[in-house]
Chemist: 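Please read through the structure below; I'll follow up with questions.
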Amino acid sequence: MNSPLADIRTALARRGTFTSEGDHLRVSGLEQCARRISLLRHHAPSNPTNWQSAYNMEQGNWAEAGMLPLLEYAGWTVEDAQRELQWPKDVPREDAILIGHIDGIIDSPTAPKRRLWENKFLGAFGYKKIVESGLQWGNPAYYTQAQLYMYMLREDGEDIDEACFHMAVKDAAGIFGNRGKTADDEDFLDPMYEEIVPYDEAHVMQSLARAASLYPLLRAGEILEHERRPGDWDCSPRFCPVYDICQPELVFGPAPKGRRK
């Protein structure tokens, strides 16, 4: 018997076996370990992302699509959804160092200015880190992504110097501490989060310098140095698709017990 669900799972599992395409860096992946980035240029994943993880990532696209009519209903507009940006902007796409797609530019008749809009849909652990520490420290990769997109928009002539970062939590079980409470209670954790992120020129320049230094090495086919070690949250077979090729435990030894960056 044909099964749509089984076919979906197979298709999503197949996606996890793909290698990176092109020499450019993805804006969303610039904060990843340089060794991981380089290994994925030359090797198929040794421990591919499973279908469930790919499904979880798809949920982010659904959450973004679901927010658009809500924003419109509330009087907001989102322009240029999934607009592609590149750096440098005046080179052919195949020679770009960085490429990415924004969620959009958000505006309303009562807003003081147009802003970059970024929307995320996270599990409870990642959600709480951002709520507790703010975007810059709670998720440096998302912070860098927002900053680079603002820079690229400004390079394109857009008057953008702030980002509106929206986030919702996926799993209600992750915030069961809210049970029996209301939004007026001091320890209530709102399942939706908004942060206005100002443009940070210094951070942008550091990020562009990193991209410019990695790019020629990647084009030359080099395998880059480790920037993570076992025990960092993204240096494990579960979270790194090339962990088995990289074998960081042979360089650093096994992860210390209880270590999680």
Side-chain angles (χ1 to χ4, degrees), residues 15-50 53-54 56-58 60-61 84-87 96-103 118 120-123 125-127 129-130 133 135-149 151-152 165 167 200 203-252 255 259-261:
R15 182 189 299 177
T17 67
F18 297 161
T19 55
S20 300
E21 295 183 1
D23 294 315
H24 63 266
L25 291 152
R26 299 294 305 179
V27 173
S28 59
L30 184 59
E31 292 285 351
Q32 291 178 349
C33 174
R35 192 170 186 86
R36 166 181 170 152
I37 295 171
S38 63
L39 283 169
L40 282 173
R41 291 294 194 279
H42 310 292
H43 299 277
S46 55
N47 43 307
T49 303
N50 61 36
S53 295
N56 290 342
M57 287 185 275
E58 280 294 327
N61 297 328
E84 183 173 277
L85 300 172
Q86 70 171 53
W87 177 77
I97 295 176
L98 283 167
I99 291 179
H101 297 81
I102 63 172
D103 290 340
E118 284 295 307
K120 305 296 182 185
F121 192 44
L122 300 183
F125 179 78
Y127 182 88
K129 283 183 68 176
I130 295 175
S133 305
L135 184 62
Q136 182 172 7
W137 307 113
N139 194 309
Y142 289 162
Y143 183 78
T144 295
Q145 186 177 0
Q147 293 299 336
L148 287 172
Y149 285 155
Y151 172 82
M152 292 175 177
F165 177 81
M167 175 178 63
D200 183 344
H203 187 88
V204 167
M205 292 300 108
Q206 292 175 356
S207 299
L208 292 178
R210 171 175 169 79
S213 66
L214 294 179
Y215 180 73
L217 302 177
L218 293 171
R219 292 205 70 166
E222 295 190 25
I223 303 299
L224 305 181
E225 296 296 321
H226 294 87
E227 292 183 319
R228 304 286 196 275
R229 61 181 62 205
D232 293 350
W233 77 269
D234 55 350
C235 188
S236 69
R238 178 182 177 188
F239 293 110
C240 179
V242 288
Y243 186 92
D244 295 341
I245 301 171
C246 180
Q247 296 183 304
E249 70 280 357
L250 297 182
V251 177
F252 299 106
R259 180 181 176 184
R260 186 171 186 177
K261 187 175 179 179

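Since the model is a prediction, treat every value here as computed from it, not as a measurement.
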Chemist: Once you round to the nearest 0.5 Å, how far does CG of Asp200 lie from CG of Leu148?
Modeler: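 It is 10.5 Å, given to the nearest 0.5 Å.
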
Chemist: Scan residues 32-46 for pairs that pass salt bridge (charged side-chain N to carboxylate O under 4.0 Å, His left out), counting only residues two or more places apart or in two chains.
Modeler: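 As it turns out, there is no salt bridge (charged side-chain N to carboxylate O under 4.0 Å, His left out) pair with a partner in residues 32-46 once direct neighbours are skipped.
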
Chemist: Keeping Glu227 on the side-chain end and Ala34 on the backbone end, is there a donor-acceptor pair under 3.5 Å?
Modeler: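 The answer is yes, because a donor-acceptor pair under 3.5 Å joins these two groups.
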
Chemist: Restricting to ring pair (Phe, Tyr, Trp, His ring centres under 6.0 Å), what partner residues turn up for His24, sequence neighbours left out?
Modeler: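 His24 satisfies ring pair (Phe, Tyr, Trp, His ring centres under 6.0 Å) with no other residue.
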
Chemist: Listing request: all side chain to side chain donor-acceptor pair (under 3.5 Å) pairs with a residue in residues 240-250, at least two apart in sequence or in separate chains.
Modeler: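 Found Tyr243-Glu249.
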
Chemist: Give the minimum heavy-atom separation between Val204 and Gln147, together with the two atoms involved.
Modeler: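 Closest approach of Val204 to Gln147, heavy atoms only: CG2-O, 3.5 Å.
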
Chemist: Can you measure from NE2 (His42) to CD1 (Ile245) and round to the nearest 0.5 angstrom?
Modeler: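 If we round to the nearest 0.5 Å, His42:NE2 and Ile245:CD1 are 11.0 Å apart.
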
Chemist: My understanding is that only residues two or more places apart in sequence, or in another chain, count here; which of them pass side-chain hydrogen bond (donor to acceptor under 3.5 Å, both in side chains) with Glu31?
Modeler: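 Result, side-chain hydrogen bond (donor to acceptor under 3.5 Å, both in side chains) vs Glu31: Thr144.
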
Chemist: Under the rule for side chain to side chain contact (heavy atoms under 4.5 Å, CB included), what residues qualify as partners of Ser133, not counting sequence neighbours?
Modeler: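 Only Trp137 meet the side chain to side chain contact (heavy atoms under 4.5 Å, CB included) criterion with Ser133.
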
Chemist: Could you pull out all residues at least two apart from Asp234 that satisfy side-chain hydrogen bond (donor to acceptor under 3.5 Å, both in side chains)?
Modeler: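 Only Arg228 meet the side-chain hydrogen bond (donor to acceptor under 3.5 Å, both in side chains) criterion with Asp234.
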
Chemist: Testing the basics here: between Leu40 and Pro241, what is the closest heavy-atom pair and its distance to 0.1 Å?
Modeler: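 Looks like CD1-CG, 4.1 Å.
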
Chemist: Please enumerate all residues that pass ring pair (Phe, Tyr, Trp, His ring centres under 6.0 Å) together with His226, with sequence neighbours excluded.
Modeler: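 So His226 forms a ring pair (Phe, Tyr, Trp, His ring centres under 6.0 Å) with Phe252.
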
Chemist: How many angstroms lie between atom CZ of Phe121 and atom CG of Asn56, to the nearest 0.5 angstrom?
Modeler: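 If we round to the nearest 0.5 Å, Phe121:CZ and Asn56:CG are 9.5 Å apart.
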
Chemist: Would you kindly say whether Asn50 and Ser53 are connected by a side-chain donor-acceptor distance under 3.5 Å?
Modeler: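 Their side chains do contain a donor-acceptor pair, which is all the 3.5 Å distance test asks for.
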
Chemist: State, to 0.1 Å, how close Gly100 and Tyr149 come at their nearest heavy-atom pair, and which atoms those are.
Modeler: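 Shortest heavy-atom separation between Gly100 and Tyr149 comes out as CA-OH, 3.6 Å.
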
Chemist: Is the closest side-chain heavy-atom distance between Asn139 and Lys129 below 4.5 Å?
Modeler: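 Of all side-chain heavy-atom pairs linking Lys129 with Asn139, none is under 4.5 Å.
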
Chemist: Which is it for Ile130 and Leu122 under the side-chain contact (heavy atoms from CB on, under 4.5 Å) test, yes or no, and what are the steps along the way?
Modeler: CA-CA 10 Å; Ile130 295 175; Leu122 300 183; 3.8 Å; yes

Chemist: Exactly one of Leu224, Leu217, Val242 should register a side chain to side chain contact (heavy atoms under 4.5 Å, CB included) with Ser38. Which one does?
Modeler: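 Filter result, single survivor: Leu224.
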
Chemist: Drop me the distance from Gln32's CD to Cys240's SG, to the nearest 0.5 angstrom.
Modeler: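 Going from CD on Gln32 over to SG on Cys240, the span is 8.5 Å.
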
Chemist: Measure the shortest side-chain to side-chain distance between Leu98 and Leu208 over non-hydrogen atoms and say whether it is less than 4.5 angstrom.
Modeler: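 Yes, side chains in contact.
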
Chemist: Looking at residues at least two apart in the chain, or sitting in another chain, which of them share a salt bridge (Lys or Arg N to Asp or Glu O under 4.0 Å) with Glu58?
Modeler: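 For Glu58, the residues satisfying salt bridge (Lys or Arg N to Asp or Glu O under 4.0 Å) (neighbours in sequence not counted) are Arg15.
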
Chemist: List the atom of Trp233, the atom of Phe239, and the distance in Å for their closest heavy-atom pair.
Modeler: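 For Trp233 and Phe239, the tightest heavy-atom pair comes out as O-CD1, 3.0 Å.
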
Chemist: If you round to the nearest 0.5 Å, how far is CG of Leu214 from CG of Leu30?
Modeler: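 Rounded to the nearest 0.5 Å, the CG-CG separation comes to 7.0 Å.
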
Chemist: What pairs with Thr49 under side-chain hydrogen bond (donor to acceptor under 3.5 Å, both in side chains), at least two apart in sequence or on another chain?
Modeler: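 Expected list: none.
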
Chemist: Could you please spell out the steps behind the side-chain contact (heavy atoms from CB on, under 4.5 Å) verdict for Tyr127 and Lys120?
Modeler: CA-CA 9 Å; Tyr127 182 88; Lys120 305 296 182 185; over 6 Å; no

Chemist: So, using side-chain hydrogen bond (donor to acceptor under 3.5 Å, both in side chains) as the criterion, who are the partners of Arg219 when residues are at least two apart?
Modeler: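 Per chain and number, Arg219 pairs via side-chain hydrogen bond (donor to acceptor under 3.5 Å, both in side chains) with Asp23, Tyr215.
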
Chemist: Which pair of non-hydrogen atoms, one from Pro230 and one from Pro248, has the smallest distance, and what is that distance?
Modeler: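 That closest heavy-atom pairing would be CD-CB, 3.8 Å.
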
Chemist: With sequence neighbours excluded, tell me which residues meet ring pair (Phe, Tyr, Trp, His ring centres under 6.0 Å) with Tyr143.
Modeler: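 So Tyr143 forms a ring pair (Phe, Tyr, Trp, His ring centres under 6.0 Å) with His203.
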
Chemist: Look up atom CG in Leu39 and atom CD1 in Ile223, then write down how far apart they are to the nearest 0.5 Å.
Modeler: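 CD1 of Ile223 is found 4.5 Å from CG of Leu39.
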
